[in-house]
Amino acid sequence: MKRATLIPLVLVPLAVTSFEAPAQLFNDFEAATTGAEYSFRAPRFSGSTSGNLATTPNAMRVVEGFDANASKVGAFDFAFVDDATTRWVRLTTFNAAGLPNPVLDLNQMLQFDIFSLNDIRVAVGVREDADVAGPVGANGGASGSIEWVGAERASASAGTAPGGVLVTAGSWQTLTFNLKADPTFAFTGNGVLAGDWGTLESLAVSSMGTAAQTIYLDNFRMVPVPEPGTMALGLSAAVMSLIGLRRRVR
C-alpha cells in the first residue's frame, strides 16, 4: 500500500452538511507483476495512432519504486515521429492483461494520478455499452461506441489530436474528469456520453511539441460528484495549496 507524506496543517472549521461516499479505487498497479504489461497495452498497439509513433521505444510496464511515495506505477515509453502538435497516442485498455476494459460509473468522476517528463494534454476515451452494469473495475468488454471526455475537439483520425487537460512536466498531478459534465466529443460515437455505465477504453495523450515521451500513471478511482452545499467555502490557504497535489488513495 502507498502512503502519503503527512504535512502539518492548520485548518479552519468547515460547515459540513453531509458526508460524501468514499472513492472507489480500482487500479493502483499493486496487483501487477513488476516489468509486465498491466491494464493498458503498449503505445503502438492501437492502429488508430501507431502511425504517429516511432518504432522504438514502445513499452508499457509496471515499475516499482519510481519515487518515495509509490511502490508500483504504470509506465509508458514512446516517441512521436516528430514534434508536431497534431501528434497523439491512444493508450488503450483493450483486452489488456490483468485489468482489461475496466468498468466506470458514468454518474461519478474519474480521477487518476499522472507524472509526465514533458508537457502533454490528456483526454479519456469512454466506451458506451448498454449491457454493462458494474461493478467498478470489472471487465466491461470491448463493444460499444467511444467518446472523448475532457477533450478539446472530436478526433477520428491520427491527424487530429483530441487535446484535453494540460499536464505540466516534472511533478505528480491528479486529473479529475466529471464524466457527465465535462466537454465530450466523438471518437467513434456521437459526442454524447449516454447511460449509467461504461468502460475506460483509453487515454488520449496529445503532444505539446516534444517527440520523446515518458508517462507514469497511478491510483485510478471513481469519486462521487459533490452535492451542492456539501461544504461551506472556508478552506484555509494551506488546504487550497494541496488541491492540485497528487493524492494517494489508501
Side-chain angles (χ1 to χ4, degrees), residues 27 39-54 58 60 74 76-94 96 101-102 104 106 108-129 140 142-169 173-195 198-217 220 222:
N27 185 13
S39 193
F40 289 87
R41 308 302 291 262
R44 283 180 56 86
F45 177 83
S46 173
S48 59
T49 56
S50 60
N52 280 337
L53 302 178
N58 177 43
M60 187 284 148
F76 299 81
D77 291 305
F78 58 93
F80 295 115
V81 293
D82 55 34
D83 59 5
T85 56
T86 55
R87 304 299 181 189
W88 65 286
V89 61
R90 180 171 158 229
L91 302 176
T92 181
T93 69
F94 178 84
N101 319 305
L104 304 178
L106 303 187
Q108 297 196 55
M109 300 187 297
L110 172 67
Q111 286 186 342
F112 57 90
D113 301 324
I114 185 168
F115 185 109
S116 177
L117 296 189
N118 300 292
D119 290 355
I120 53 175
R121 288 191 178 273
V122 176
V124 174
V126 178
R127 188 186 293 278
E128 302 163 308
D129 188 344
S143 63
S145 299
I146 303 168
E147 313 289 358
W148 292 130
V149 177
E152 297 172 282
R153 61 191 67 87
S155 176
S157 71
T160 305
V165 180
L166 175 65
V167 175
T168 55
Q173 297 171 240
T174 295
L175 300 189
T176 301
F177 295 86
N178 189 329
L179 298 177
K180 284 294 182 70
D182 284 355
T184 302
F185 294 90
F187 180 48
T188 63
N190 61 1
V192 178
L193 189 61
T199 66
L200 173 59
E201 194 282 330
S202 58
L203 300 180
V205 176
S206 297
S207 174
M208 292 287 287
T210 304
Q213 304 288 333
T214 298
I215 298 169
Y216 300 91
L217 300 173
F220 285 82
M222 300 304 309

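These numbers come from the heavy atoms of this one structure, side chains and all, not from hydrogens, waters or symmetry mates.
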Problem - side chain to side chain contact (heavy atoms under 4.5 Å, CB included) assessment of F78 paired with I215 - result: CA-CA 9 Å; F78 58 93; I215 298 169; 3.8 Å; yes
Practice task
Give the intermediate values and the outcome of side chain to side chain contact (heavy atoms under 4.5 Å, CB included) for residues L203 and L217.
Solution key: CA-CA 11 Å; L203 300 180; L217 300 173; 3.6 Å; yes
Practice task
Quick one: do L110 and V124 satisfy side chain to side chain contact (heavy atoms under 4.5 Å, CB included)? Show the steps, please.
Solution key: CA-CA 9 Å; L110 172 67; V124 174; 3.9 Å; yes
Exercise for the section: Evaluate the criterion side chain to side chain contact (heavy atoms under 4.5 Å, CB included) for residue pair I120 and I114; output intermediate values, then yes/no. Expected result: CA-CA 11 Å; I120 53 175; I114 185 168; 4.1 Å; yes
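Listed by chain and residue number, nothing satisfies the side-chain hydrogen bond (donor to acceptor under 3.5 Å, both in side chains) test with S207 (two or more places apart in sequence, or in another chain). Residues passing the ring-ring contact (aromatic ring centres under 6.0 Å, His included) test with F76, sequence neighbours excluded: F40. Judged as a salt bridge (charged side-chain N to carboxylate O under 4.0 Å, His left out), and not counting sequence neighbours, E147 has no contacts. Partners of W88 according to the ring-ring contact (aromatic ring centres under 6.0 Å, His included) rule, which considers only residues two or more places apart in sequence or in another chain, are W148. When the side-chain hydrogen bond (donor to acceptor under 3.5 Å, both in side chains) test is applied to Q108, the partners found at least two apart in sequence or on another chain are D105. By the side-chain hydrogen bond (donor to acceptor under 3.5 Å, both in side chains) test, S46 is found to be paired with S48, R90, residues two or more places apart in sequence or in another chain being considered. In this view, F45 satisfies the ring-ring contact (aromatic ring centres under 6.0 Å, His included) rule with no residue, not counting sequence neighbours. Under the side-chain contact (heavy atoms from CB on, under 4.5 Å) criterion, A158 pairs with N52, not counting sequence neighbours. Shown here are the salt bridge (charged side-chain N to carboxylate O under 4.0 Å, His left out) partners of D129, two or more places apart in sequence or in another chain: there are none. Scored by the side-chain hydrogen bond (donor to acceptor under 3.5 Å, both in side chains) test, T86 finds no partners at all (sequence neighbours excluded). Take M208 and apply the side-chain contact (heavy atoms from CB on, under 4.5 Å) test, not counting sequence neighbours, and it matches D119, R121, L166.
In plain terms, the two heavy atoms of T184 and V192 that are nearest each other are CG2-N, 4.3 Å. Summarising the geometry of T92 relative to F94, their closest heavy-atom pair is OG1-N, 3.1 Å, with the distance given to 0.1 Å. Contact between G195 and L106 at its shortest, heavy atoms only, is O-CD1, 3.7 Å. Shown here for L117 and A169, the closest heavy-atom pair between the two residues is O-CB, 3.5 Å. The heavy-atom pair separating F177 from V165 by the smallest distance is CE2-CG2, 3.7 Å. When all heavy atoms of N58 and R44 are compared, the closest pair comes out as OD1-N, 2.8 Å.
At least one donor-acceptor pair under 3.5 Å links the side chain of E128 to the backbone N or O of A194. A side-chain donor-acceptor contact under 3.5 Å links R127 to the backbone of G144. Side chain of Q111 to backbone of L175: no donor-acceptor contact under 3.5 angstrom is found. Judged by distance alone, with hydrogens and angles left aside, the side-chain atoms of S206 form a donor-acceptor pair with the main-chain N or O of G163 at under 3.5 Å. Distance alone, capped at 3.5 Å, is enough to place a donor-acceptor pair between the Q213 side chain and the T210 backbone. Side-chain atoms of T160 do not come within 3.5 Å of backbone N or O of S155 as any donor-acceptor pair.
Counting only residues at least two apart or in different chains, side-chain hydrogen bond (donor to acceptor under 3.5 Å, both in side chains) contacts with residues 76-85 comprise R61-D77, D77-T214, D82-R87.
Put simply, CZ on F185 and CG on L193 are 13.5 Å apart, with the number rounded to the nearest 0.5 Å. Distance CD/E201 to OG1/T93: 5.5 Å, rounded to 0.5 Å.
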